[in-house]
Enquirer: 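The structure's right below; bear with me while I get my questions together.
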Protein chains: 2
Amino acid sequence: MSVTREKILELAEELILNKGYNGFSYQDISTVMGIKNAAVHYYFPSKDNLGVSILKTNVQRFEEMVENMQNRNFDEWQQLESFMKIYLKSNRENKICLIGSLGTDINTLSNPMRVELQKMVDRIINWLTSVLQSGREKGLFQFNIPARDQALSILSSLVAGLQLARILNKSDFKNIHQSIWEGITPPENDNKSEGHGT
Amino acid sequence: MSVTREKILELAEELILNKGYNGFSYQDISTVMGIKNAAVHYYFPSKDNLGVSILKTNVQRFEEMVENMQNRNFDEWQQLESFMKIYLKSNRENKICLIGSLGTDINTLSNPMRVELQKMVDRIINWLTSVLQSGREKGLFQFNIPARDQALSILSSLVAGLQLARILNKSDFKNIHQSIWEGITPPENDNKSEGHGT
DNA sequence: TACATTTTACTTATTAGTAAGTATATTTGT
DNA sequence: ACAAATATACTTACTAATAAGTAAAATGTA
């Protein structure tokens with residue numbers, strides 16, 4: 001794989017998270033990288049094409065994380081914690097996430113991009129649902145709604161939490177993060193390190 | 001107030017909610033209205049100016065709603081329900097909300113727009129916090145985190161709930177809506193009409 | 001007449017995208 | 001081993017379309 005291609009993908013993703021899909025151009029990429037806009041088109045013929053590649057890369061990255069956690073025998077608590085850490089990092093960097101960013105622009109996206117975005121969110125929700133489900137069965141989590149609804153709630157809080165934190169105050173995100181844990185922690189289960197690794 | 005001006009404001013807001021701030025142009029407005037793009041510039045010299053006006057109109061609308069609820073002696077439950085109804089309506093119309101839409105594009109907005117957006121979100125959070133706070137004191141709600149954190153959580157769920165529902169399935173929003181109520185309903189308080197007016 | 005409203009007719013800047021060319025490796029035939 | 005062909009990674013130099021925005025003239029309307 002070309003290092004230029006990788007760098008374009010990385011930069012474009014950052015631009016989507018910082019300025020939105022319709023808020024950046026190939027010029028933004030080329031000037032930062034010190035190449036010509038045609039060079040970006042060489043790797044990604046269309047912006048749409050670039051967008052699809054970014055989404056596929058993200059799904060792949062997610063699968064790798066899931067696999068990695070299985071290999072390390074992470075329990076459900078640790079798995080959820082790892083997932084949340086991605087968002088904590090984004091918040092530190094004043095970024096939002098792909099779901100929130102592209103969710104706003106969805107009606108301006110090509111069909112291939114919409115499909116890929118849908119696949120990504122589906123995959124995340126399904127994973128989160130199964131983690132919550134089996135975590136509850138083991139008594140690690142407690143909540144009394146369907147696991148998928150709990151997954152939707154948690155993901156919503158994270159996605160918009162980043163957006164709110166960017167509008168109001170960066171520090172507000174950690175309160176939202178905290179509230180998510182409060183919402184699913186069993187009453188007599190102060191096992192793990194108190195503050196959930198914050 | 002000019003009817004043309006009102007119509008532009010209305011249409012522009014809808015465009016922001018459907019295509020994002022950077023996803024629409026003055027042409028989108030003028031062609032739909034059957035006027036020329038210069039006519040839009042007559043009322044709103046710059047796009048930024050239009051954006052600020054939309055935000056101010058929204059804050060005003062919000063204040064009117066709050067005042068109206070006070071005049072009608074709504075209790076905290078009814079107040080929260082009314083607020084959530086705005087989001088249920090947006091979901092029915094496949095729209096997201098201004099917070100989610102502009103939260104994505106915030107780094108591309110002018111300073112006046114950013115300030116106005118901040119004011120709007122601040123106002124909503126403060127209102128929501130006070131409703132939750134006094135509702136809890138009356139025993140209408142139950143939660144054991146600071147009221148402002150609960151407000152942030154609820155608003156996050158609503159904002160990103162609309163985005164997720166648009167990506168996945170419209171019907172997913174009502175699960176998120178349901179989960180919000182479950183999260184703050186006291187155990188022995190099945191007073192109001194069961195499904196919280198859904 | 002005076003004023004508000006709207007169109008005509010632009011400008012300037014930026015956008016995504018392309019066609020054709022160039023330099024440098026890499027492969028292949030002999 | 002060496003030249004010829006080919007692929008890779010770009011640049012140069014463009015389009016065609018659309019963006020926001022403006023000045024001035026025309027139109028309506030009180």
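Quick note on labels: first sequence line is chain A, next is B, and so on, each numbered from 1.
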Enquirer: Got a sec, which pairs hit side chain to side chain donor-acceptor pair (under 3.5 Å) with one end in residues 112-130 of chain A, sequence neighbours left out?
Expert: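 Checked against side chain to side chain donor-acceptor pair (under 3.5 Å) - neighbours excluded - the pairs reaching residues 112-130 of chain A are A:Glu63-A:Arg123.
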
Enquirer: To the nearest 10 degrees, how far apart in direction are the end axes of the helix from C:dT1-D:dA30 to C:dT30-D:dA1, each fit to five base pairs?
Expert: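 That helix gives 20° between its end axes.
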
Enquirer: Do A:Asp75 and A:Lys138 meet the salt-bridge criterion of a basic N to acidic O distance under 4.0 Å?
Expert: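 Looking at A:Lys138 and A:Asp75, the cut-off is not met.
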
Enquirer: What I want to find out is whether A:Arg61 reaches A:Glu13 closely enough, with some N-O distance under 4.0 Å, to be called a salt bridge.
Expert: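 Answer for the salt bridge query: yes.
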
Enquirer: Can you pull the contact range of chain B along DNA chain C, 5' to 3', using atoms under 4.0 angstrom from its heavy atoms?
Expert: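 The contacted stretch runs from C:dA4 to C:dT8.
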
Enquirer: Please find the earliest and latest nucleotides of DNA chain D, in the 5' to 3' direction, that have an atom within less than 4.0 Å of any heavy atom of chain A.
Expert: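 Reading along DNA chain D, I get D:dT8 to D:dT12.
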
Enquirer: Contact class for A:Phe44 vs. all strands (heavy atom < 4.0 Å): base, sugar-phosphate, or nothing?
Expert: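 Nothing, no heavy atom under 4.0 Å.
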
Enquirer: Quick one: which residue pairs count as a side chain to side chain donor-acceptor pair (under 3.5 Å) with a foot in residues 27-42 of chain B, not counting sequence neighbours?
Expert: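 Of all non-adjacent pairs touching residues 27-42 of chain B, none passes side chain to side chain donor-acceptor pair (under 3.5 Å).
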
Enquirer: When clusters are formed by joining ILVMFWY residues with side-chain heavy atoms under 4.5 Å apart, either directly or through shared neighbours, do B:Ile145 and B:Ile180 land in the same one?
Expert: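 Yes.
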
Enquirer: Considering only heavy atoms, which members of residues 26-38 of chain B lie under 4.0 Å from some atom of DNA chain D?
Expert: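 Residues of residues 26-38 of chain B that come under 4.0 Å of DNA chain D are, in numerical order, B:Tyr26, B:Gln27, B:Asn37, B:Ala38.
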
Enquirer: Check whether A:Asn107 reaches the backbone of B:Asn18 with its side chain - one donor and one acceptor, N or O, closer than 3.5 Å.
Expert: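 Checking the backbone N and O of B:Asn18 against the side chain of A:Asn107, a donor-acceptor pair under 3.5 Å is found.
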
Enquirer: Does B:Tyr87 offer a backbone N or O that forms a donor-acceptor pair with the side chain of B:Asn91 under 3.5 Å?
Expert: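 No, B:Asn91 side chain to B:Tyr87 backbone: no donor-acceptor pair under 3.5 Å.
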
